[in-house]
Protein chains: 2
Amino acid sequence: MPAAWVRLLRAHAALTRRMDANLRNVHGLTLSDYEVLVQLANADDRCLSRVDLAERILLSQSGITRLLEGLERVGLVERASCTTDRRVVYARLTEAGQARCLEAAETHLEDVRRAFFDRFSEDELRSLAELLGRLPQQAREADGQ
Amino acid sequence: MPAAWVRLLRAHAALTRRMDANLRNVHGLTLSDYEVLVQLANADDRCLSRVDLAERILLSQSGITRLLEGLERVGLVERASCTTDRRVVYARLTEAGQARCLEAAETHLEDVRRAFFDRFSEDELRSLAELLGRLPQQAREADGQ
DNA sequence: CTCGTATACTTGAGTCTGCAAGCAGTCTAG
DNA sequence: CTAGACTGCTTGCAGACTCAAGTATACGAG
């Protein structure tokens, strides 16, 4: 029987491919694009700094810069400066971004439903989440080496 | 509480980064490189076709071709032709490849131990593996849509 | 105030990967 | 036997991501 680690690798590859392909085809968004939109949609003022974003979706800072470039170009996100620290450049979700995020969520949540809710009971889902939560969730050492 | 899906994404990102970095630093191998070596080491005759390899480590065929280019260049893997079907080009683990795979395994298994065995009991590990195994494990539709 | 260090972000260069197209070998229907 | 479909592999191109270096701003010690 393949070990948990191998299955995690495969499940990740299989799921992200499927979900990314669906988001692309239906909404013209990458899975990463979508993750950024969701993070912003859930943030205070729909506004987050590059650094925060990088931490939340586990991407390097330069990755975030370039990802946002694309989203800014198509008007889903806009730049906003911080009044108290001029180094930070907020990424703010626009109205269009909010709308697109909601549309894409339908597709994505349907994928998540098929992948998770259709295969597990509520208890199983809770326990899967609990177990996965014990694995490292951050790139940097701090959280559990 | 973050859902299972989010935790899976993060755990994957955190773990692969850590493990990939270790393999690179200590042995000059990518995590993908290592996975290929392991698959070959476990295969009959230490020999596998490109297609088989692609399926096993969930990479596209072109990805495999280029990955093997690198491993061939440094002599860890060699090409071998198939007597019954001249389309297939086997990738065969060399002695050097076998040796390198064993060395790298030490580093990698230590990482796996820290990430998994130190955090879960045997029962928990079994149940994590079982739950993960119910998620799609293949890119193509067939296995569970 | 100012120098040194730390932080937020951007940019350049390079790597890894996938998709689509192409080539070569295989198989099947007629 | 042969035309057409299929399979295994490689290649051109483009995209997404990282690392390292660079710029601008902030902040603490003296």
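Keep in mind that this is a model prediction, so the values were computed, not measured. Each chain gets a letter, A, B and so on, in the order its sequence line appears, and its residues count up from 1. Atoms considered below: every heavy atom in the structure, side chains included; atoms not considered: hydrogens, waters and symmetry mates.
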Item to check | Closest to side chain of B:T65, choosing from D:dA26, D:dG8, D:dT10 | outcome: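 When the side chain of B:T65 is considered, D:dT10 is the closest of D:dA26, D:dG8, D:dT10.
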Item to check | Proximal nucleotide (of C:dG18, D:dT18, C:dC9) relative to the A:S62 side chain | outcome: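 So the side chain of A:S62 is nearest to D:dT18.
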Item to check | Residue that, paired with B:D111, satisfies side-chain hydrogen bond (donor to acceptor under 3.5 Å, both in side chains) out of B:R113, B:R114, B:H108 | outcome: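 Checked B:R113, B:R114, B:H108 against B:D111; only one passes side-chain hydrogen bond (donor to acceptor under 3.5 Å, both in side chains): B:R114.
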Is any side-chain N or O of [X] under 3.5 Å from a base N or O of [N], one able to act as donor and the other as acceptor?
X	N	answer
B:R86	D:dG8	no
B:R87	D:dT7	yes
B:R66	D:dG12	yes
B:S60	C:dC19	no

Checklist entry - Toward the 5' end of DNA chain D, which comes first, A:Q61 or B:E69, by nearest nucleotide? => result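 Its nearest nucleotide being more 5', the pick is B:E69.
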Item to check | Geometric class of the A:W5/B:F116 ring pair [parallel <30°, tilted 30-60°, perpendicular >60°] | outcome: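 Aromatic pair B:F116/A:W5 classed tilted.
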Item to check | CD-CG distance between B:E78 and B:L93, expressed to the nearest 0.5 angstrom | outcome: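 Answer rounded to 0.5 Å: 9.0 Å.
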Separation of [X] atom [atom1] from [N] atom [atom2], in whole Å?
X	N	atom1	atom2	result
A:R50	C:dT10	CZ	C1'	9 Å
A:D20	C:dT17	CG	C1'	12 Å
A:L68	D:dC17	CG	C1'	14 Å

Checklist entry - Heavy atoms under 4.0 Å, any strand shown: does A:I64 hit a base, just sugar-phosphate, or nothing? => result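 Touches nothing.
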Next on the checklist: Please find the pair of heavy atoms, one from A:L40 and one from A:A91, that lie closest to each other, and give the distance.
Outcome noted: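 Heavy-atom minimum between the residues: CD2-O, 3.3 Å.
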Checklist entry - When the nearest nucleotide of DNA chain C is assigned to A:R79 and to B:R24 on a heavy-atom basis, which residue is associated with the more 5' position? => result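 The residue closer to the strand's 5' end, by nearest nucleotide, is A:R79.
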Checklist entry - Can you tell me if the side-chain N/O atoms of A:S49 get under 4.0 Å from OP1 or OP2 in C:dA8? => result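 For C:dA8, neither OP1 nor OP2 has a side-chain N or O of A:S49 closer than 4.0 Å.
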Item to check | Short side-chain N/O contact to C:dT17 OP1/OP2 from B:S32, under 4.0 Å | outcome: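 B:S32 to C:dT17 OP1/OP2: side-chain N or O found under 4.0 Å.
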